[in-house]
Amino acid sequence: MIWPMLGLALCATFVQGFSADTYMHKAAYKHQFTKAVGGEPEAPEFWAKSAQDSLSEKLKSDRRLGEAKNVIMFLGDGWGVSTMTLARILKGQEVDKVGFGEEGQLHVDTFEFSGMSKTFCVDAQVADSACSTTAYLGGVKTNTGTIGVTSDVQLGNCTAQKIPANQVSNILAWAQAAGKSTGIVTTTRVTHASPAGAYAHTSHRDWESDIDIPLDGKDCEDIASQLILREPGKNINVILGGGRRKFLPFNFTDSESQNGEREDGKNLIDIWKSKNEPNVNATYVETVDDLKNVDAAKADYLLGLFAPSHLAYFHEQAPDQDPTLTEMTEKAIEILSKNPKGFFLFVEGGRIDHAHHDNEALRSIWEAVEFDRAIKKGDEMTSDDDTLIVVTADHSHAFSFPGYNVRGENITNIAGYGDDTLPYATMSYANGPGNRTFDDGLRHNISNDPIHTLDYKQVPLVPLDSETHGGEDVMIFARGPFAHLFTGVHQQSYIPHAMGYASCLGPGLTYCSDNKSNSANYAISNISLSALIIISIVSYFCR
Ligand SMILES: *[C@@H]1O[C@H](CO)[C@@H](O)[C@H](O)[C@H]1NC(C)=O
Ligand SMILES: *[C@@H]1O[C@H](CO)[C@@H](O)[C@H](O)[C@H]1NC(C)=O
Ligand SMILES: *[C@@H]1O[C@H](CO)[C@@H](O)[C@H](O)[C@H]1NC(C)=O
Ligand SMILES: *[C@@H]1O[C@H](CO)[C@@H](O)[C@H](O)[C@H]1NC(C)=O
Ligand SMILES: *[C@@H]1O[C@H](CO)[C@@H](O)[C@H](O)[C@H]1NC(C)=O
Ligand SMILES: *[C@@H]1O[C@H](CO)[C@@H](O)[C@H](O)[C@H]1NC(C)=O
Ligand SMILES: *[C@@H]1O[C@H](CO)[C@@H](O)[C@H](O)[C@H]1NC(C)=O
Ligand SMILES: *[C@@H]1O[C@H](CO)[C@@H](O)[C@H](O)[C@H]1NC(C)=O
Ligand SMILES: [Zn+2]
């Protein structure tokens with residue numbers, strides 16, 4: 001009896017030892033190999049020196065105090081930390097081609113200050129893009145699916161959405177009130193949840209055009225109408241993205257032979273164009289070439305709707321139709337920066353989220369690389385002295401980066417093998433639509449799958465028609481005046497309050513009011529000091 005047990009124990013030790021050994025061997029091999037093809041030698045001195053260099057850089061970095069004339073907020077929809085890390089590796093391997101890839105750098109890695117945002121909503125542990133946009137633009141947490149309204153408004157309650165006391169203002173409106181220029185740029189429909197947080201008050205994120213609203217809510221204004229007809233939407237200087245059909249009547253055929261969908265007969269694009277007056281230049285564009293031809297020096301207002309719905313994914317963009325997020329960001333900043341009072345710009349990498357919902361990991365990671373490129377462009381076009389740039393996400397995804405891949409492994413590769421001897425991928429989802437029918441009660445064997453293709457759906461654990469968001473905290477990165485306000489762990493709704501402080505916007509505490517009250521405090525203490533001296537003197541002589 002004892003012998004078979006001893007044998008088993010020995011066997012287990014052997015198997016464990018063997019697999020650890022194999023792993024070490026594979027890693028060492030890969031390391032040698034990459035050094036041989038020109039990777040930087042990574043002796044201990046290398047790591048110590050790079051740490052010392054970072055330390056010197058950090059010691060030099062200083063908090064910037066002073067008013068932020070401009071604020072740019074970059075929002076990666078669904079841009080969780082695993083998405084960000086994988087984007088860094090992919091960029092390192094495929095774009096910058098540095099060493100193994102992991103040592104590459106996203107532009108956002110260069111930001112001096114970072115913190116974390118707690119994304120839960122009033123009624124939910126895990127956020128959707130609607131309640132979260134109300135938090136990171138309006139500064140107030142609210143219910144899932146609602147935008148720009150307080151938590152007194154239940155999902156789809158038209159009556160409640162119209163009550164002024166239930167409507168939440170936001171930093172874009174504050175910027176307009178201060179005479180700044182404003183803009184929104186996105187790869188989704190401009191009426192989609194995230195950008196709608198900049199201008200709409202709605203009890204339902206899906207009410208993008210009037211056809212989306214059920215009959216009993218028809219007297220409730222849809223999101224597209226709010227953008228074109230109401231404040232602050234109608235005053236936004238630059239609006240770039242997709243969603244043309246939300247603005248056009250159902251019997252109107254657009255330049256891409258697609259019909260509009262509005263039932264109220266309104267052509268909101270024509271209404272928008274009527275801003276064009278002798279001394280106001282309002283330009284409407286539909287293609288990337290038209291966008292490039294816009295003379296920023298002349299344009300006061302620019303509306304660009306490049307697709308009937310969302311813009312195509314970066315890798316599927318028609319070169320003569322769709323602008324990249326970077327191109328849109330560039331044009332927006334050129335136009336907005338003409339205002340001597342400054343500007344507020346919201347830029348969304350909106351489709352990182354969509355690819356994740358479809359379990360298309362590689363596509364999502366490429367969208368994240370593209371998002372980072374837009375951040376770089378925005379940073380290069382502005383100065384840390386007068387522009388606060390904040391980069392964050394609305395929520396994460398049920399997306400992880402498991403396994404013990406060797407350094408430099410292709411992120412689309414198999415990461416390892418389960419105890420069932422079947423392989424698992426480097427990019428993994430807890431749920432979503434990529435499930436395959438079970439082969440003989442076993443997990444699907446991905447060995448022969450086209451795992452390197454953009455539209456490959458990773459096999460999730462739980463089959464679900466759409467992969468879900470994830471509830472862990474997301475990053476906030478910042479640079480420019482008062483960027484240090486974003487360090488630490490904060491409620492998502494803190495973000496616009498801190499941006500408002502730095503740029504002297506909004507009803508809360510701002511640098512300018514704080515600065516004045518600081519001076520006032522000084523004055524009071526100076527008066528008290530003088531008073532004290534006088535009292536002392538008087539009391540000395542009046543003894
Ligand atoms: C990863 O695999 C794909 C498909 O084989 C290939 O196109 C790509 O170049 C690979 N990347 C690296 C860094 O090896
Ligand atoms: C909708 O909101 C209004 C105003 O707050 C409230 O009186 C009404 O009961 C709500 N309707 C529903 C169905 O909850
Ligand atoms: C669309 O329908 C409306 C209302 O029926 C009509 O007035 C309009 O002329 C139509 N437009 C086109 C382009 O057919
Ligand atoms: C308005 O701006 C557009 C786009 O830059 C330009 O082509 C056009 O000439 C301008 N119109 C006027 C009247 O300045
Ligand atoms: C998975 O597929 C590969 C390639 O067809 C095959 O070699 C391997 O044996 C399969 N694994 C299992 C556990 O069936
Ligand atoms: C995913 O799972 C669902 C539910 O079990 C099933 O109906 C569907 O066929 C599966 N999808 C695939 C691609 O096998
Ligand atoms: C107040 O603001 C002015 C102008 O922005 C600045 O020069 C000054 O240093 C500020 N004072 C304090 C106490 O922050
Ligand atoms: C108050 O006194 C301090 C110290 O003398 C001085 O620096 C400051 O400018 C004074 N403040 C005002 C408002 O006079
Ligand atoms: Zn989503």
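Both ligands and their constituent atoms are indexed starting at 1 by order of listing. We use all heavy atoms of the structure for the numbers below, so side chains are in, but hydrogens, waters and symmetry mates are not.
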Relative to F343, does K180 satisfy both conditions: NZ or CZ under 6.0 angstrom from the six-membered ring centre, and within 45 degrees of the ring's axis?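 The answer is no; the distance or angle limit is not met.
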Does the protein place any heavy atom closer than 4.0 Å to [atom]?
atom: atom 2 (O) of ligand 3; result: yes
atom: atom 9 (O) of ligand 3; result: no
atom: atom 14 (O) of ligand 2; result: yes

Look only at the side chain of Q226 and the backbone of E221, and say whether a donor-acceptor pair between them is shorter than 3.5 Å.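 Side chain of Q226 to backbone of E221, a donor-acceptor pair under 3.5 Å: yes, one is there.
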Answer yes or no: is there a donor N or O on one side and an acceptor on the other, between the side chain of Q458 and the main chain of G434, under 3.5 Å? no
Heavy atom of the protein closest to [atom] (residue, atom name, distance):
atom: atom 11 (N) of ligand 2; value: N157 ND2, 2.8 Å
atom: atom 6 (C) of ligand 3; value: N251 ND2, 4.2 Å
atom: atom 5 (O) of ligand 2; value: A160 CB, 3.9 Å

Check whether any N, O or S atom of D77, backbone or side chain, sits closer than 2.8 Å to the Zn ion (ligand 9). no
Would you say the Zn ion (ligand 9) has H469 as a near neighbour, meaning an N/O/S atom of that residue under 2.8 Å away?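 Under 2.8 Å: H469 contacts the Zn ion (ligand 9) through an N, O or S atom.
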Could you label the plane-to-plane angle of the W174 and H497 rings as parallel, tilted or perpendicular, counting under 30° as parallel and over 60° as perpendicular? perpendicular
Distance-only side-chain donor-acceptor flag, H310 / T188, under 3.5 Å: no
With no hydrogens and no angle check, do the side chains of H356 and S364 hold a donor and an acceptor under 3.5 Å apart?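 A donor-acceptor contact under 3.5 Å links the two side chains.
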Quick one, V185 with E348, criterion side-chain contact (heavy atoms from CB on, under 4.5 Å). Give me CA distance, side-chain angles, the key distance, then yes/no. CA-CA 6 Å; V185 168; E348 185 197 24; over 6 Å; no
Of all N, O or S atoms in H357, identify the one at the shortest distance from the Zn ion (ligand 9).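 Relative to the Zn ion (ligand 9), the closest nitrogen, oxygen or sulfur of H357 carries the name NE2.
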